[in-house]
Each structure stands twice: as structure tokens, then as C-alpha cells.
Amino acid sequence: LAKRKAQLMPEALQDLEALVREGHHDAETLGLLAGTYKAMWQGSGDNGFRERAYRTHLEAYERFNDAFNGINAAALALYCGDAGRMHEIAGQLITSLTAQAGRLDAWGKASLGEAYLLKKRMDDARDWYAQAVADSAGRHQEIAVMRRQARRDLEALGQPRDLLDATLPVPRVLAYVGHRVDEDGRATPRFPEEKVRQVKQAIADKLKGLGAVHGFGGAASGTDLLVLKELASRGLTATVVLPFPEEDFIRESVGEHWRR
């Protein structure tokens, strides 16, 4: 899995195929192998990988009846032109997942939404995808994965690829960077304290035109914290990266005046 996340697909594939040859035929290992075949297909366009992904997800689903392998097998059946199997598996998943509705996590709800999508029951798909999004609040990468898969399915069904984008919203990333406020006694002014109000207003004006964004940056005194405060005031989120431990960072890059 680490190699897959690092985009080392051939190496990941070699390891996973070796595990299966050694007898690891559990749902997770087969699912990872099938997912790697799928990634290889998407990266290369080689339909041989697509067929192997389909067969492997289908084998795992038939063995273990799990939703992860099931929904992937159903989608790959669509991509491989096996519409009958797609409808069969999607129908089975709708029955089994609906029976567990009160216990489903975000991915279970997304799988149910996708099963309805494959059946072209778009109102039901929207309902379950919306519940999955609500359970994934702030985890934009997970929602992006759901949306990417929904777009792929919609294209294969001959539907507009953005049909469910409003239900699966993914904000644009706002990368921010700027100077710290000048420390007392700085010889050449760069960001003097008297400019803070002006910069704060400029940031607010800029954000007005950007809509829903997810911030990414630091948290030093000055520009960073002004951006973060404005994002928070709008109910928006951010990923904050500190270069060293928090207390050291506060001492070196924030200071007591900006600490609160």
C-alpha cells in the first residue's frame, strides 16, 4: 500500500502478486491487487490490466461478499462491457447495504450511492452520496476519491461527468505564503505593524471572490495567521504545516503578541 501511495506501481504489483501466490487470498490482499491492476490500467491504457482488475475484484467479492470488492467489481463490469453482471452486483449491494443502513460508515454510504448510480437511480445516488459527504466533513481527499469514481462511472454510462459534482463538493486548494510582521527594531521595514489592517482587508477582499477553498500553508505571525483567521471566520478549513514542534514554532515564528 505504501508503494502504491508513492506511485511505485510495478513494485507494488510485484509484491502483491507474490503474496497471492503464497496463498494470501483474503479480501484485503485481493482488493489491493485488483486496485493496483486498475491503477496500472488508468496509467497506461492497457485493457489487459482492466480485465485483471475486474476478475480479481469479482473473485474477492464472490468469496467474501464484501462491499468494497463488490462495488469495484460492478464498476469494472461496466467498463468491460458486462452490463448484466454490473446490474446484478449493484442490485445485490443495494439490498445488502440498505439492510445495514444504520451502521454504514462514510465509505459504505458512498458504495451504496455508487450502486444506485450504476442503476441510473440518480436521486437515490445523490441521497447516499450526500450522507457520505456529511460523514466525511473536512476530509476533502476522501470526497475527491468518491467524486472521481462517480465521474468515471457517469462517463461510462454516457451521462454528463459532472452530474453529481454538486453533491460531492471538493474545494480548490488555496496555497498561501507571506511575510511575518516585523519584529521591533527591524532596520529595514518589510511588514510593519501599521500595515496589518490593510493586509487583513486585502485578504478578505481576495477570499470573497474565491468561494469554497481549503487553505494550505503555515501559521506564522503576519500573513499566515491573517489568512487562517479569515478562513475560519468563513467556516472554511485548512491544512497547517509546522516545520518544527508547536511550542518551539510559537516561540520562534509567532511570538506572544500573536499567540492567541
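The structure presented is a predicted model; accordingly, all values stated were derived computationally and were not measured.
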Q) If every non-hydrogen atom of G211 is compared with every non-hydrogen atom of L236, which pair is closest and at what distance? A) O-CD1, 4.1 Å
Q.
Rounded to the nearest 0.5 Å, what separates atom CZ in F64 from atom NE2 in H25?
A. 9.0 Å
(Q) Go through it in stages, so that I can follow the logic: the residues are K229 and L226, the test is side chain to side chain contact (heavy atoms under 4.5 Å, CB included), and I'd like the CA-CA distance, side-chain angles, deciding distance and then a yes or no. (A) CA-CA 5 Å; K229 186 173 182 180; L226 291 173; 5.9 Å; no
Q) Do V227 and L242 sit in the same hydrophobic cluster, where Ile, Leu, Val, Met, Phe, Trp and Tyr count as joined when their side-chain heavy atoms come under 4.5 Å apart? A) yes
Q) Stepwise, does the side chain to side chain contact (heavy atoms under 4.5 Å, CB included) test hold for K195 with F191? A) CA-CA 7 Å; K195 294 287 188 179; F191 187 176; 3.9 Å; yes
Q. Between E155 and R152, is a salt bridge (Lys or Arg N to Asp or Glu O under 4.0 Å) present by the stated rule, with each step listed?
A. CA-CA 5 Å; E155 284 185 321; R152 190 177 295 122; over 6 Å; no
Q: State, without any angle test, whether D135 and Q131 hold a side-chain donor-acceptor pair at a distance under 3.5 Å.
A: no
Q: Show your reasoning for whether side chain to side chain contact (heavy atoms under 4.5 Å, CB included) applies to D123 and R126.
A: CA-CA 5 Å; D123 287 342; R126 287 188 183 90; 3.5 Å; yes
Q) Can you find a pair of side-chain heavy atoms, one from L112 and one from L93, that are under 4.5 Å apart? A) no
Q) Taking all non-hydrogen atoms of both residues, which atom of A220 and which atom of F249 are closest, and how far apart? A) N-CZ, 3.6 Å
Q: Could you please spell out the steps behind the side chain to side chain contact (heavy atoms under 4.5 Å, CB included) verdict for F49 and K38?
A: CA-CA 6 Å; F49 286 120; K38 182 179 175 182; over 6 Å; no
Q) Roughly how far, to the nearest 0.5 Å, is the OG1 atom of T167 from the CE atom of M122? A) 11.0 Å
Q: Considering only NZ, NE, NH1 and NH2 on the basic side and carboxylate oxygens on the acidic side, decide whether R234 and E230 come within less than 4.0 Å.
A: yes
Q. Does D165 offer a backbone N or O that forms a donor-acceptor pair with the side chain of D162 under 3.5 Å?
A. no
Q. If you measure from the Lys or Arg side-chain nitrogens to the Asp or Glu carboxylate oxygens, is any gap between R121 and D124 under 4.0 Å?
A. yes
Q) Hey, any chance L228 and V173 share a hydrophobic cluster, counting ILVMFWY side chains that come within less than 4.5 Å of each other, even indirectly? A) no
Q) Judged by atom type as modelled, is there a donor-acceptor pair below 3.5 Å linking the side chain of R190 to the main-chain atoms of D182? A) no
Q: Please report the closest heavy-atom contact between I94 and A115, naming both atoms and the distance.
A: CG1-CB, 3.7 Å
Q: Find out if a path of hydrophobic residues (ILVMFWY) with successive side-chain heavy-atom gaps under 4.5 Å connects L76 to M9.
A: yes
Q: Report the distance from atom OG1 of T29 to atom CG of L16, rounding to the nearest 0.5 Å.
A: 7.0 Å
**Q.** Closest non-hydrogen atom pair, A106 against A132
**A.** O-CB, 3.4 Å
Q. Hey, are the side chains of L164 and R147 touching, using non-hydrogen atoms and a 4.5 Å cut-off?
A. no
Q. Under 3.5 Å, is there a donor-acceptor pair between the side chain of Y54 and the main chain of A74?
A. no
Q) Will you find, in the side chains of H257 and S221, an N or O donor that is under 3.5 Å from an N or O acceptor? A) no
Q: Test E193 against R180 for salt bridge (Lys or Arg N to Asp or Glu O under 4.0 Å), laying out the working first.
A: CA-CA 10 Å; E193 186 75 34; R180 291 183 59 202; over 6 Å; no
Q) For N47 and E51, does a side-chain donor sit closer than 3.5 Å to a side-chain acceptor? A) no
Q. Salt bridge check: are E183 and R186 linked by an N-O gap of less than 4.0 Å?
A. no
(Q) With heavy-atom distances below 4.5 Å as the criterion, would you say the side chains of L118 and H87 are in contact? (A) no
**Q.** Salt bridge E142-K109, side-chain N to carboxylate O under 4.0 Å
**A.** no
Q. Same hydrophobic cluster for V240 and W258, using side-chain heavy-atom links shorter than 4.5 Å among ILVMFWY?
A. yes
Q. Is it true that R85 and E62 have a side-chain N and a carboxylate O under 4.0 angstrom from each other?
A. yes
Q. Are V213 and L231 close enough that some pair of their side-chain heavy atoms sits under 4.5 Å apart?
A. yes
**Q.** Check: N69/D66 side-chain N/O donor and acceptor closer than 3.5 Å
**A.** yes
Q. Parallel under 30°, tilted from 30 to 60°, perpendicular over 60°: which one fits the rings of F68 and H57?
A. perpendicular
Q | Beyond-backbone contact of D46 with M40, side-chain heavy atoms, under 4.5 angstrom | A | no
Q. Side chains of E17 and Y37: is there a donor and an acceptor less than 3.5 Å apart?
A. yes
Q. Between the main-chain N or O of A219 and the side-chain N or O of D224, is there a donor-acceptor pair closer than 3.5 Å?
A. yes
Q: May I ask you to test the V145-W107 pair for a side-chain heavy-atom distance under 4.5 Å?
A: yes
Q: Starting at CG of L58, measure out to CD1 of I89 and round the result to the nearest 0.5 Å.
A: 5.0 Å
Q | Note, L163 side chain near R151 side chain (heavy atom, < 4.5 Å) | A | no
Q: Answer yes if I143 and F216 sit in the same cluster of Ile, Leu, Val, Met, Phe, Trp and Tyr residues linked by side chain heavy atoms under 4.5 Å apart, and no otherwise.
A: no
Q) When rounded to the nearest 0.5 angstrom, what is the spacing between CG in L33 and CZ in R55? A) 11.0 Å
Q) Quick one: are E114 and D153 in side-chain contact, heavy atoms under 4.5 Å? A) yes
Q.
Can you see whether N72 engages Y61 through a side-chain donor-acceptor pair at a distance of less than 3.5 angstrom?
A. no
Q: Using distance alone, with no hydrogens and no angle criterion, decide if Y116 and D127 have a side-chain donor and acceptor under 3.5 Å apart.
A: no
Q) Considering all heavy atoms of both residues, which atom of A110 and which atom of Y129 are nearest to each other, and what is their separation? A) O-CE2, 3.6 Å
Q: Applying side-chain hydrogen bond (donor to acceptor under 3.5 Å, both in side chains), run through H179 and T223 and close with a yes or a no.
A: CA-CA 6 Å; H179 292 305; T223 303; over 6 Å; no
Q: Calculate, to the nearest 0.5 Å, the distance between atoms SG and CE belonging to C80 and M86 respectively.
A: 12.5 Å
Q.
Which heavy atom of G91 sits nearest to which heavy atom of K119, and what is that distance?
A. N-CE, 3.7 Å
Q. Under 3.5 Å, is there a donor-acceptor pair between the Q100 and R103 side chains?
A. no
